[in-house]
Each structure stands twice: as structure tokens, then as C-alpha cells.
Amino acid sequence: MSTPEIELKVDGETRLVEVGATGFKLFSDKAVVAMKVNGTLKDLAAELVHGDDVNAVTVSSPDGLDILRHSTAHVLAQAVQNLFPESKLGIGPPIKDGFYYDFDVAEPFNPEDLKALEKEMTRIIQSGQRFLRRDTNDEDAAKELAGEPYKLELIGLKSGNSDLGEASAEVAAGELTIYDNFDVKAESVVWKDLCRGPHLPNTRMIGSGFALTRVAAAYWRGNENNKQLQRVYGTAWPSKEELRAHQEQLEEAARRDHRKLGAELDLFSFPEEIGSGLAVFHPKGGIIRKVMEDYSRERHVASGYEFVYSPHVTKSNLFETSGHLEWYAEGMFPPLQLDEERDDKGNIRRQAQDYYLKPMNCPFHCLIYRSQGRSYRDLPMRLFEFGTVYRYEKSGVLHGITRARGFTQDDAHLYVARESIKSELTSVLNFVLDLLRDYGLTDFYLELSTKEEGNPKFVGADEIWVEATNTLQEVAEASGLELVPDPGGAAFYGPKISVQARDAIGRSWQMSTIQLDFNLPERFDLEYTASDGTKKRPVMIHRALFGSVERFFGVLTEHYAGVFPPWLAPIQVVAVPIADEHYQYLADFADDLRNSGVRVQVDNSDERMQKKIRNHTLAKVPYILIAGAEDIANQAVSFRFRDGSQINGVPLAEAKARILNEIASRVQV
RNA sequence: GCCGACCUGGCGCAAUUGGUAGCGCAUCGCACUUGUAAUGCGAGGGUUAGGGGUUCGAGUCCCCUGGUCGGCUCCA
């Protein structure tokens with residue numbers, strides 16, 4: 001007598017299996033940690049029914065990694081509750097490269113606690129506990145989890161329709177499940193957590209590719225009015241080797257950190273005397289910055305931009321008109337109160353005037369536009385400024401020169417007629433991408449931030465939003481780049497495209513933004529006379545390529561790891577004589593290079609030549625030129641590069657041509 | 001802003017249970033004149049972020065302020 005069978009589709013192939021079969025029957029490969037049944041992730045222990053379409057989920061797949069990390073988070077939580085029995089559980093989702101879990105504990109965790117927790121986790125993992133899924137309901141779960149106030153809150157939220165955010169790992173609408181950790185030896189459930197799963201079959205599959213990385217406070221449910229919980233971060237990988245590779249990547253990122261390189265290469269600093277988030281650029285950083293700015297100016301001139309300047313402080317009424325004071329006052333430095341006059345009795349005779357440091361340049365540019373009557377013939381009007389702005393960023397968010405309180409935007413505002421939005425956007429996007437490529441960033445994708453339907457905060461007529469959004473979409477698609485939608489991410493005054501660039505080690509940075517604005521032209525009552533004599537309102541496009549010069553500087557520093565291509569390098573050439581008697585020969589050649597615009601030095605210090613080579617290599621100078629008696633005899637010079645390679649006996653004319661050519665073509669060497 | 005950790009000569013680090021600041025690099029001086037990542041010798045430099053407190057005595061303990069780092073929140 002044959003056992004009854006059901007038909008399944010397993011990884012695309014039809015298979016017959018006995019009734020009641022689970023994923024364990026289907027997949028013998030140890031790398032399979034879960035399965036996708038009709039598109040839904042499930043535990044391997046889930047029972048399959050006739051007609052199910054089943055696909056294996058391996059540990060190395062994106063879903064598999066999430067499951068591994070989420071299961072590791074559960075083990076962490078169990079370890080915390082074993083070591084700190086009074087702790088209460090928050091949430092514990094997988095994140096990029098790892099996981100975290102939030103806990104309410106009496107004392108914040110310290111690094112020694114992390115060590116102890118890792119040890120306890122290893123013990124739990126090796127004990128091979130099984131993850132067992134169990135359905136429950138609100139009422140029963142509330143009873144079971146009476147000691148876990150945060151979990152109770154999540155159960156309550158689930159019944160409502162609130163946005164659960166990252167808590168969606170714990171509960172999902174319509175069902176409620178608990179995962180029991182079953183210790184096989186003890187034959188009992190040793191821990192449990194409210195969770196929608198799925199999980200690894202057992203803890204042993206986590207292996208040794210995990211580590212706890214840091215602790216930090218985090219607001220419960222991400223709201224700064226809520227209590228702060230202790231968040232433990234960890235990373236988890238299918239193998240120890242992959243963990244090690246990940247850690248090496250982090251070390252590489254640390255080596256490239258622009259704050260570290262900025263000090264090492266003597267580029268900029270943040271003197272405590274000036275204040276948090278306010279940098280000074282040293283001569284070497286100043287050169288890089290100047291070269292960046294000069295090239296940008298040159299390209300803007302060629303693309304029809306006009307250069308304007310505006311002051312750093314202004315009376316409050318400008319930002320009242322623009323709306324900034326109403327919306328973003330807390331992001332601005334507090335006002336300077338000037339010109340108050342009092343009489344003998346102390347009564348105010350003349351009202352003080354509030355002046356603000358500017359957090360944005362756009363209102364000034366609007367005033368320039370409005371300074372005279374404009375014709376359609378004046379459009380598009382492209383006003384460009386390296387405008388230094390000041391924003392009172394919260395102290396905790398400052399980060400070197402990429403997030404500072406004073407910075408310089410390469411800011412332009414384009415005033416365009418509605419019918420030419422498309423052509424203008426197209427040329428702006430191409431201009432942006434082209435220029436970024438010249439600075440050495442080549443790997444881009446775009447993000448399109450659009451309006452959230454039905455949200456009343458967005459200003460401007462629906463039809464123009466639709467038209468503008470479609471236009472942005474078309475322009476973005478025409479670029480051929482990957483386009484990631486960001487619904488609801490638009491500013492209240494218009495949709496935007498942002499250019500994201502991936503750097504040399506694959507990190508993405510938001511670079512340029514191109515933003516449509518239907519609001520400021522309205523607020524400043526900007527208009528132009530159309531060809532038919534009627535008054536019309538221009539649309540404004542905000543765009544910044546670098547975002548901020550400082551931030552872009554920081555990104556380039558990390559992208560190049562301080563090894564700037566010759567055109568950006570603060571010192572391009574250092575000449576090292578073998579001995580004093582060879583100095584003049586190199587000095588003459590250096591003069592020749594200098595006259596051709598090369599930033600060149602001759603090192604005639606008292607050091608050994610070996611030491612000089614070491615020093616200038618560490619300073620990441622692109623070309624070290626060496627000459628001794630042999631080179632002089634041949635009217636030549638020897639190249640040494642930053643990677644240690646060398647080309648000896650290059651004739652002077654050839655050497656010069658090579659250096660000039662590589663600088664001019666902005667290549668890396 | 002919130003939570004935690006941290007702050008020693010220009011830079012990187014050291015100073016047993018609180019006992020009176022040390023090293024390397026850099027700097028300066030002298031000697032050496034050298035073919036591809038550190039020549040040797042000598043000298044100067046800090047009252048330990050700033051302020052207050054505890055103590056016979058504080059870099060070490062406590063408080064306040066400033067700053068840095070890691071997160072959270074935020075980034076018009």
C-alpha cells in the first residue's frame with residue numbers, strides 16, 4: 001500500500017512527496033536554512049500542502065542572511081536575559097551586515113559586558129537549541145508576555161494600524177507567533193520571543209561567524225520623546241572567513257576616514273577654540289579645495305551660469321518671506337539683535353533688528369532675480385554662487401567636514417519658464433554627471449523623491465507636480481542610470497532627483513540634488529513677461545553638485561584614500577637629489593615645471609635620500625623625481641611613484657610632458 | 001539634543017591599589033653627503049582640555065563647562 005502523496009514544485013521542478021512533508025524532507029543541503037513557499041518565507045519545519053511552489057533559501061542569499069542575523073539576535077537576547085535577568089526586551093531585527101536588539105536594563109552595557117555576552121551566545125549556539133514556531137493570539141500572548149512591557153505594546157500596536165517600522169520583524173498583521181528555543185538536552189523550552197520568523201532550524205547553524213560590535217542608546221520605537229533603551233549591535237555571517245572579510249572592510253573604511261587623513265595629510269582641522277563643526281583649511285587642504293572650486297567655476301562658465309555673491313547675514317524678514325524661519329528656525333543659529341536704542345528711563349526707543357546667519361542662499365538669489373523686470377528672453381537665468389551657509393546642526397550629528405555647522409554650497413538657482421523645464425533638467429543632470437565623473441566618481445544611481453498623495457503639506461497645484469515629476473522621471477530614465485523611487489521623499493515645495501555615487505569601496509554617498517521649487521517663486525512673487533505680454537511665474541530649480549564643497553572634499557578623500565590624482569594633489573612633484581651636488585640640476589628642472597603650472601618642490605633638507613622618499617611617499621605625493629650623477633649625465637630624471645614602482649632615466653623633456661599630460665587629463669597615477 | 005565612552009608635549013602612545021609626568025615620531029643644533037620607505041649624537045618642548053571639589057598628596061576619585069568618538073533622533 002502506497003502512502004498518500006502530494007505534488008509540489010521544488011525549485012522549479014515537480015516532485016511528489018508524502019503528505020505532511022516539511023522542508024527538511026525536500027532539502028538535504030546544509031546551506032539551506034529556510035524556504036519560500038508561494039513567495040512567503042517559512043521555516044523548514046513548516047508543513048507543505050499539495051500544489052505549493054517551494055524554493056530553497058540558502059544562508060548566503062539576502063533572505064538567508066536576514067534569517068541568520070535575526071536568529072543571532074534572538075540568541076543575543078537570550079544571552080542578555082540569562083546574564084541580566086531583570087532586562088526587558090525591545091525589538092531585534094536584522095539590518096545591513098548584522099542585527100541589533102534593544103533592551104531595557106538598569107545599567108548601560110559596557111565593553112566587558114559585550115565580551116561576556118558573546119561567550120554566553122557561543123554557549124547557547126553550541127547547545128544546539130531548536131527554534132520552534134507556535135501560533136498564539138493576542139490574549140494568550142499578553143498573558144505569556146506579561147513581564148515584557150514592550151512586547152505587550154507591540155501586540156497592542158498590531159491590532160491598530162500604526163506603522164510598525166522595524167518592529168515588523170516581531171509582529172505582523174493578522175497573525176501572532178512565538179518562537180520557543182527548545183534545549184534538546186534539557187528537553188525543555190529555555191527561552192521564547194514574540195516573533196513572526198522565520199528562523200534557522202537550530203542555533204548551531206549560526207556557527208562562529210558572528211560578533212557583537214557596539215552598544216548605544218536608542219529611543220524606543222525611534223521616537224526621541226520615548227525612553228532610551230540599550231541597543232546592542234552585532235554582525236553575523238555564514239562563516240568565520242566572511243566575518244573576517246567584513247571586519248577587514250571596516251578596517252579599510254577606518255583607514256580612509258577623512259577625519260584621520262585630514263589630520264595626517266595636514267589638510268584641515270577643527271580647532272576647539274572656534275567651535276564644534278567649524279573647520280579651518282590648512283594650505284594643503286586649501287590647494288585641493290581651490291583646484292576643485294576653480295575647475296567647477298570653469299565648467300559653470302562654459303555652461304551658461306552667471307556668478308553672484310551674497311552676504312552671510314541678513315535681516316530676519318528675508319527668511320520670513322522665504323518661510324525658513326517658520327519651518328526651520330531650530331536649524332538656524334540664533335539671531336544677532338542689533339540697533340536697539342533705549343531712552344534714559346530704559347524704554348525702547350528703537351526696536352532691535354534681528355539678523356540671522358544664512359542657512360541657505362536661495363532667498364538672496366530670488367532678490368537678485370527680482371531686482372528688475374524680467375523677460376522670457378532672460379530665461380533660463382542661472383545664478384551660481386559658492387555660498388557659505390551656517391546651520392545649527394545638533395551636536396550629536398556632526399561628522400568631520402561631511403556634516404558641519406558652516407559649509408560652502410556650490411549652489412545654483414535656475415529660473416525657468418514652465419515649458420522649458422524639461423530641456424533645462426536634462427542639461428543640468430548631464431552637466432552634474434559629467435562633472436562628477438571628472439572628479440573621479442563614475443558609479444552612480446539616481447533617486448527620485450516624489451510627493452506623498454493626500455498629504456496637505458505639499459504646496460503647488462497637482463497638475464504641475466504631476467508634470468514636473470513625470471519630467472524628472474523621463475529625464476532620469478534617459479540618463480540610462482538605475483532609478484530608485486523615493487515616494488513621499490519630496491520637499492514640501494517640489495520633487496527632486498538626487499545623484500548617489502558609489503565610492504572605491506562600494507559605499508554610496510548622496511551627492512548632487514536637483515530640486516524643483518514651486519514655492520519660493522510664489523513667496524517672492526517672481527514673474528517675467530512672456531512673449532504675448534502676459535506676466536508669468538517662473539519655476540525655480542535648486543541644484544548643488546557637490547552638495548557642499550567640504551562634504552565633497554571629504555567624500556573624495558575617502559574615495560581616493562588620500563591618494564589624490566595629480567591634478568588634485570596639493571604637491572604634485574617632489575624632486576629628491578641623491579646628494580647636495582645634484583640639487584641645482586633638479587632645482588632648474590623644478591623651475592621649468594613650476595613655470596608650466598606644476599606644484600613642485602625640491603627637497604634639499606638634511607635628510608638621507610631614502611628618508612626623503614619615505615616621507616614623500618607617506619605624504620602621498622604623486623611623483624617623486626630623483627636625480628644623481630648618472631641622470632645628470634644623460635639629462636634625465638628617475639620617477640618613483642606612490643606604489644613604489646619606478647621608471648629610471650627618463651629624458652627631461654619626456655618627463656615634463658608626461659607630468660603635464662597626466663595633470664591636464666585628470667587621470668590617476 | 002539624548003545615551004555611553006573618551007580628552008596626557010605638534011602627532012601616536014605610556015604612567016602599579018591616588019605618591020608628585022615618560023617613550024617614539026616630529027622640531028631645533030652638530031656631524032655625516034649618501035641611487036629608490038627611517039644616519040648618528042645632542043637639545044628644547046607638557047602642570048595631563050578648562051574650571052571647581054575631595055585628600056597630607058590627583059593624570060588617576062567627584063562635579064561643572066568645552067571638545068572628540070560610537071549610536072539614536074535630525075539633515076529644509
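Side-chain atoms are counted along with the backbone in the values below, which use heavy atoms only and exclude waters and symmetry mates.
- The side-chain heavy atoms of Val308(A) and Phe384(A), taken from C-beta on, include no pair separated by under 4.5 Å.
- Nucleotides rG70(B) and rG52(B), compared at atom C1', are 29 Å apart to the nearest Å.
- Residue-level contact check: Leu618(A) touches the bases, meaning some heavy atom is under 4.0 Å from a base atom.
- Among the atoms of the strands shown, none is found under 4.0 Å from any heavy atom of Ala263(A).
- Comparing rU39(B), rC2(B), rU36(B) against the side chain of Gln646(A) picks out rU36(B) as the nearest.
- Both the sub-6.0 Å distance and the 45° axial angle are not jointly satisfied by Arg551(A) relative to the ring of Trp509(A).
- Among the protein residues, Glu630(A) comes within range of the nucleic acid bases, having at least one heavy atom under 4.0 Å from a base atom.
- For rC6(B) and rU17(B), the C1' atoms lie 23 Å apart once the distance is rounded to whole Å.
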Exercise for the section: Check step by step if ring-ring contact (aromatic ring centres under 6.0 Å, His included) holds for Phe99(A) and Tyr101(A). Expected result: CA-CA 7 Å; Phe99(A) 59 90; Tyr101(A) 212 115; 8.8 Å; no

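- Looking at heavy-atom distances under 4.0 Å, Asn615(A) makes no contact with the nucleic acid at all.
- As judged by a 4.0 angstrom heavy-atom cut-off over every strand, Phe492(A) is placed among residues making no nucleic acid contact.
- Annotation: side chain of Ile514(A) is not in contact with side chain of Lys496(A) (no heavy-atom distance under 4.5 Å).
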Problem - Trace of the ring-ring contact (aromatic ring centres under 6.0 Å, His included) decision for Phe518(A) with Trp465(A) - result: CA-CA 9 Å; Phe518(A) 315 133; Trp465(A) 270 91; 5.6 Å; yes

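- Counting non-hydrogen atoms under 4.0 angstrom, Gly222(A) reaches the backbone sugars and phosphates but no base.
- For Gln228(A) against rC2(B), a side-chain-to-base donor-acceptor contact under 3.5 Å is present.
- Taking the P atoms as reference points, rU27(B) lies 27 Å from rA15(B), given to the whole Å.
- Proximity note for Lys611(A) (side chain, C-beta onward) versus rA76(B), rA26(B), rG35(B): the nearest is rA26(B).
- Annotation: salt bridge (Lys or Arg N to Asp or Glu O under 4.0 Å) contacts of Glu326(A) (sequence neighbours excluded): Arg523(A).
- Geometric assessment of Arg658(A) against the ring of Phe639(A) yields a positive cation-pi assignment under the 6.0 Å and 45° thresholds.
- Nearest to the side chain of Arg614(A), among rU73(B), rA37(B), rG35(B), sits rA37(B).
- Stretches of at least 3 consecutive Watson-Crick or G-U wobble pairs, with each checked distance under 3.5 Å, appear in RNA chain B as B:1-7 with B:66-72, B:10-13 with B:22-25, B:27-31 with B:39-43, B:49-53 with B:61-65.
- The side chain of Arg640(A) approaches rU36(B) more closely than any other nucleotide in the set rU36(B), rC72(B), rA76(B).
- rC69(B) and rC32(B): their P atoms are spaced 47 Å apart (whole Å).
- Taking every side-chain heavy atom of Tyr328(A) into account, rA76(B) is the closest of rU39(B), rA76(B), rC72(B).
- The 5' end of RNA chain B is approached more closely, in terms of each residue's nearest nucleotide, by Tyr233(A) than by the other of Tyr233(A) and Met360(A).
- Checked against rA76(B), rC74(B), rU36(B), the side chain of Ile613(A) finds its nearest nucleotide in rU36(B).
- Looking at heavy-atom distances under 4.0 Å, Asn223(A) makes no contact with the nucleic acid at all.
- With P as the reference atom, rG46(B) and rA21(B) are 13 Å apart, rounded to whole Å.
- Sequence order on RNA chain B of the closest nucleotides to Tyr392(A) and Ile647(A) puts Tyr392(A) first from the 5' end.
- Residues forming a salt bridge (Lys or Arg N to Asp or Glu O under 4.0 Å) with Asp354(A) (at least two apart in sequence, or on another chain): none.
- Of the candidate nucleotides rU73(B), rC75(B), rG35(B), rC75(B) has the atom lying nearest to any side-chain atom of Arg403(A).
- Salt bridge Asp411(A)/Arg543(A): absent, no basic N to carboxylate O contact under 4.0 Å.
- Remark: the separation of the P atoms in rG22(B) and rU48(B) is 14 Å, to the nearest Å.
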Each nucleotide N or O in nucleotides 64-70 of chain B that has a protein N or O under 3.5 Å away: list the pair and distance.
| unit_1 | atom_1 | unit_2 | atom_2 | d |
| --- | --- | --- | --- | --- |
| rG66(B) | O2' | Glu272(A) | OE2 | 3.4 |
| rU68(B) | OP1 | Ser276(A) | OG | 3.3 |
| rU68(B) | OP2 | Ser276(A) | OG | 2.6 |
| rC69(B) | OP1 | Arg259(A) | NH1 | 3.1 |
| rG70(B) | OP1 | Arg259(A) | NH2 | 2.8 |
| rG70(B) | OP2 | Arg259(A) | NH1 | 3.1 |
| rG70(B) | O2' | Arg214(A) | NE | 2.9 |

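- Annotation: cation-pi pair Lys358(A)/Phe364(A) present, NZ/CZ under 6.0 Å from the ring centroid and within 45° of its normal.
- Taking atom P on both rC72(B) and rA37(B), the two are 44 Å apart, rounded to the nearest angstrom.
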Side-chain donor-acceptor distances from residues 270-286 of chain A under 3.5 Å, at least two apart:
| unit_1 | atom_1 | unit_2 | atom_2 | d |
| --- | --- | --- | --- | --- |
| His282(A) | NE2 | Ser269(A) | OG | 3.3 |

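- Nearest nucleotide to the Met332(A) side chain, out of rU33(B), rA76(B), rC2(B): rA76(B).
- Which of rC75(B), rU33(B), rU73(B) sits closest to the side chain of Arg391(A) comes down to rC75(B).
- Side-chain atoms of Asp580(A) lie closest to rU33(B) of the nucleotides rU33(B), rC72(B), rU36(B).
- Annotation: salt bridge (Lys or Arg N to Asp or Glu O under 4.0 Å) contacts of Glu581(A) (sequence neighbours excluded): none.
- For rG35(B), the base has a donor-acceptor partner in the side chain of Asp631(A) [N/O atoms by modelled type, under 3.5 angstrom].
- Residue Tyr493(A) is in sugar-phosphate contact alone, with no base atom involved, counting any heavy-atom pair closer than 4.0 Å across all strands shown.
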